[in-house]
Number of protein chains: 2
Amino acid sequence: MRIGQLAQLVGVETQTIRFYEQQGLLPPPDRQDNGYRVYTEKHGEGLAFIRRCRILGLSLAEIHELQSYQDDPHQPCTAVNALLDDHISHVRSQITALQALEKQLVSLRASCNDEREVEACGVLAGISEGNMHQQ
Amino acid sequence: MRIGQLAQLVGVETQTIRFYEQQGLLPPPDRQDNGYRVYTEKHGEGLAFIRRCRILGLSLAEIHELQSYQDDPHQPCTAVNALLDDHISHVRSQITALQALEKQLVSLRASCNDEREVEACGVLAGISEGNMHQQ
DNA sequence: TATTGACCTTATAGTAGCTTTATAGTTTAA
DNA sequence: TTAAACTATAAAGCTACTATAAGGTCAATA
Ligand SMILES: [Zn+2]
Ligand SMILES: [Zn+2]
Ligand SMILES: [Zn+2]
Ligand SMILES: [Zn+2]
């Protein structure tokens with residue numbers, strides 16, 4: 001299997017596959033005489049794992065960490081679960097921050113209608129005056 | 001006022017100020033004979049405006065756009081309000097995406113307790129099996 | 001006077017996770 | 001045979017800074 005086929009199979013670009021290899025997330029495949037990469041099913045599974053982790057918002061560093069746990073299958077999985085817990089709390093704090101931000105933006109937006117000149121724009125005035133409650 | 005004083009006044013690093021100048025967000029100040037930048041109150045206001053925009057999550061491009069509106073104060077402020085509306089809906093879609101993600105992560109986490117080996121970890125299995133409902 | 005320390009200058013590289021571009025070699029189909 | 005489609009490497013671009021390097025300037029101190 002060449003890189004293009006693998007890319008199509010998993011739904012990524014070929015450059016992304018080379019990038020993961022370069023980052024040490026995907027083991028370097030064998031090469032043909034012409035230098036073309038040759039992939040196995042294992043690579044496909046590894047790549048799909050990476051992609052699913054990315055969809056879950058895990059960073060490449062976190063994925064790398066998960067992989068290191070997989071290499072040691074008889075350890076307790078405490079660290080895996082902890083990694084996920086950390087990630088969940090990270091996502092939650094992002095949500096909280098964005099919700100606070102939304103509230104601020106909405107109240108800023110409410111301070112203007114569409115009938116004014118820029119000079120008198122409530123939005124611009126609101127930003128310039130700086131009476132912002134920064135969390 | 002030199003760059004260090006301005007930085008302390010507004011609460012940013014000196015490099016950030018030079019960066020904004022380089023990006024065209026802050027007008028180039030006059031220089032002393034020795035090359036040191038000399039800032040006025042106007043610069044302080046401009047810099048504070050940029051920082052408040054950043055706190056609101058606006059990108060440098062969006063800030064640049066706002067500045068261009070400010071340069072033309074007798075236009076209607078429709079574009080300003082529209083920019084904010086766009087930004088709000090952007091923030092909202094981020095929140096929605098993160099909430100969906102959180103749900104997914106929590107259910108993944110629930111598929112494991114801390115008493116297993118990595119081999120049998122419900123989290124890793126859940127990712128590997130790939131039965132993920134992508135949004 | 002010499003030298004320390006705090007400040008300023010520019011230029012360059014690093015961060016995350018790719019994507020894009022440039023340049024070139026290889027395979028395959030018409 | 002030639003062109004399309006594929007592969008390779010290396011390097012730059014993206015965002016919004018942050019950090020580092022190597023050096024010039026200035027005031028105060030020893
Ligand atoms: Zn995380
Ligand atoms: Zn307005
Ligand atoms: Zn925006
Ligand atoms: Zn587990």
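Sequence lines set the chain letters: A, B, ... in the order given, protein chains first and strands last, and positions in each chain run from 1. Everything numeric here is computed off the predicted structure, so don't read it as measured data.
- Note: CG (B/Asn34) to C1' (C/dT9) measures 9 Å, nearest angstrom.
- B/Gln5 has its CD atom 16 Å from the P atom of C/dA6, to the nearest Å.
- Side chains of A/Leu124 and B/Cys77 form no contact here, defined as non-hydrogen atoms less than 4.5 Å apart.
- Going from atom CG of A/Asp33 over to atom P of C/dT26 covers 12 Å, rounded to whole Å.
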Side chain to side chain contact (heavy atoms under 4.5 Å, CB included) assessment of A/Ile17 paired with A/Glu21: CA-CA 6 Å; A/Ile17 297 175; A/Glu21 178 185 338; 5.7 Å; no

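- Considering every non-hydrogen atom in both A/Asn113 and B/Asn81, the closest pair reads O-ND2, 2.9 Å.
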Quick one: do B/Leu98 and A/Arg92 satisfy side chain to side chain contact (heavy atoms under 4.5 Å, CB included)? Show the steps, please. CA-CA 8 Å; B/Leu98 283 173; A/Arg92 283 184 176 146; over 6 Å; no

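- With C/dT9, D/dT9, D/dA16 as the candidates, the nucleotide lying closest to the side chain of A/Arg37 is D/dT9.
- The B/Thr16 side chain lies nearest to D/dC17 when the options are D/dC17, D/dT25, C/dT26.
- Contact between the side-chain N/O atoms of B/Arg54 and the OP1/OP2 oxygens of D/dT15 is not found at any separation under 4.0 Å.
- When atom types are taken as modelled, the side chain of A/Arg109 and the backbone of A/Cys112 share a donor-acceptor pair closer than 3.5 angstrom.
- Comparing C/dC7, C/dT10, D/dA19 against the side chain of B/Arg31 picks out C/dT10 as the nearest.
- Of the residues in residues 18-26 of chain A, those lying under 4.0 Å from DNA chain C by heavy-atom distance are A/Phe19, A/Tyr20.
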Run A/Tyr20 and A/Arg51 through side chain to side chain contact (heavy atoms under 4.5 Å, CB included) and show every step you take. CA-CA 10 Å; A/Tyr20 287 153; A/Arg51 284 275 87 192; 2.8 Å; yes

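- The distance from atom CZ of A/Arg2 to atom C1' of C/dT27 is 7 Å, rounded to the nearest whole Å.
- B/Ile3 places its CD1 atom 11 Å from the C1' atom of C/dC7, with the value rounded to the nearest Å.
- The nearest whole Å value for the distance from the CG atom in A/Leu60 to the C1' atom in C/dA16 is 7 Å.
- Atom CG of B/Leu58 and atom C1' of D/dT15 are 14 Å apart (whole Å).
- Here the P atom of nucleotide C/dC18 and the CD1 atom of A/Ile17 are 12 Å apart, to the nearest Å.
- Smallest separation of non-hydrogen atoms from A/Tyr39 and A/Arg2: CD1-C, 4.1 Å.
- Both A/Thr14 and B/Gln15 sit near DNA chain D, but only A/Thr14 has its closest nucleotide nearer the 5' end.
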